[in-house]
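Report on one structure; see the data block that follows.
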Amino acid sequence: MNHRNFLHTYDLSANELASVLELAQKPIHQLGNPLAGQGVALIFEKPSNRTRHSMEMAVVQLGGHPVYTRGEEVGIDVRESVEDITQVMSGYHAMLCARVFDHGVLHRMAAVSSVPVVNMLSDFAHPLQSVADVLTMQQNLGDLVGKTVTYVGDFNNVARSLCEASAMLGMHIRLSCPEGYDAHDNELLGLNELGAASVEQYRDVSIAVQDAHAVHTDTWTSMGQESESTEREAVFAAYQVTDEIMSLADSNAIFMHCLPAHRGQEVASSVIDGPQSKIYQQAHNRMHAARGVLAFLMGEAQ
Ligand code: CP
Ligand code: NVA
């Protein structure tokens, strides 16, 4: 059986991303239960609220049965190898989805899996989040071609995938990250190649947000980096999205955050809880985006 994986946003072409966004917004009854009578493994090495709930519900909405499994329960590379886990689970499920510390584990799964493998967040990428992010921007800003998205903070898994999706939809991308936590030149080049209208990186947040249509941020300390949190709080102190920063963006700019958020760190409470914030719409779109991605992958797995 041929199948596609979704480890990175760019595993989809720009046209395919557009199809996924259409599927995400289709009434559920028009999707035809592509997972009827089938299981989907949801393996989590890290905690989750949005990803677990949105994926479980997306699987149910497509007629399938989600099987939630903690990483330590199967003992990835402890109780048995990733390869054995994958090949065993491939015989039970229509898809294998995993949230892992090490992105390499997803590649090892994909190398031996007979069914699609989906990244539910790794240290490197969060592609499901990026589909919800661009869906939310489209719903608020309309056509994204030529619009400007600014990401403030750590160039992490969420930032990388957001930038890829935004590039594929023809947006101007501006990054504002502290030195050592920024995107490397080859990543910036890659975004240009994916179709970004432009890609710019500024240390100064106030320049990066000028006239932006959407301002995103994420936690300064991602899961697995907890031992660095004190150091990171010092490094990122100038990278908080405040009212003053939002006032420099377009007058209709929206604020977005994948959540969980840390009010008073990467974002001021007045911004994330204010009128420009779209965080709950963005979180709810995780389910619609997940349904679109899973429906697309099932359509490809013929
Ligand atoms: N945004 C996101 O992935 O949230 P969870 O970690 O709660 O799944
Ligand atoms: N960058 C964060 C995102 C959480 C959804 C992390 O990896 O912890």
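Excluded from the calculations below are hydrogen atoms, water molecules and symmetry mates; all remaining heavy atoms, backbone and side chain alike, are included. Indexing begins at 1, ligand by ligand and atom by atom, following the structure's order.
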Per-atom contacts of ligand 2 with Val158, taking only distances under 4.0 Å to non-hydrogen atoms: 3 (C)
Mutual orientation of the aromatic rings belonging to Phe236 and Tyr239 [parallel < 30°, tilted 30-60°, perpendicular > 60°]: perpendicular
Sequence neighbours excluded - salt bridge (Lys or Arg N to Asp or Glu O under 4.0 Å) pairs with any residue from residues 19-43: none
Test of proximity, Thr221 against ligand 2: N or O pairs below 3.5 Å: no
Proximal atoms of ligand 2 relative to Leu259 (non-hydrogen, under 4.0 Å): 5 (C)
Pair His257-Val267, side chain to side chain contact (heavy atoms under 4.5 Å, CB included): steps then yes or no: CA-CA 9 Å; His257 191 311; Val267 59; 4.3 Å; yes
For residues 29-47, please give each side-chain donor-acceptor pair under 3.5 Å, one per line with the distance, not counting sequence neighbours.
{"from": "Gln38", "atom 1": "NE2", "to": "Pro34", "atom 2": "O", "distance (Å)": "3.3"}
{"from": "Glu45", "atom 1": "OE1", "to": "Phe101", "atom 2": "N", "distance (Å)": "2.8"}

Nonpolar side-chain network containing Leu189, other nodes, edges under 4.5 Å: none
Candidate pair Glu16 and Arg4, rule salt bridge (Lys or Arg N to Asp or Glu O under 4.0 Å), full reasoning: CA-CA 12 Å; Glu16 288 171 344; Arg4 300 280 298 277; 2.7 Å; yes
Contact residues of ligand 1, where a non-hydrogen atom lies under 4.0 Å away: Ser48, Asn49, Arg50, Thr51, Arg99, His126, Gln129, Cys258, Leu259, Arg286
Part of Asn157 within contact of ligand 2 (heavy atoms, under 4.0 Å): side chain
Cation over ring face, Arg174 and Tyr151, 6.0 Å, 45°: no
Asp273 bridged to Arg263 by N-O distance under 4.0 Å: yes
Shortest protein heavy-atom distance from atom 8 (O) of ligand 2, along with the residue and atom involved: Met223 N, 2.8 Å
Any side-chain donor near an acceptor of the partner, Ser122 and His103, under 3.5 Å: yes
Min N/O separation Asp218 to ligand 2 under 3.5 Å: yes
Closest candidate by heavy atom, reference atom 6 (C) of ligand 2, pool Pro260, Cys258, Ser222, Pro47: Ser222
Criterion ring pair (Phe, Tyr, Trp, His ring centres under 6.0 Å) on His107 and His8, from CA distance to verdict: CA-CA 11 Å; His107 281 294; His8 319 96; 5.4 Å; yes
Contacting atoms of ligand 2, where contact means under 4.0 angstrom from a heavy atom of Leu121: 3 (C), 4 (C), 5 (C), 7 (O)
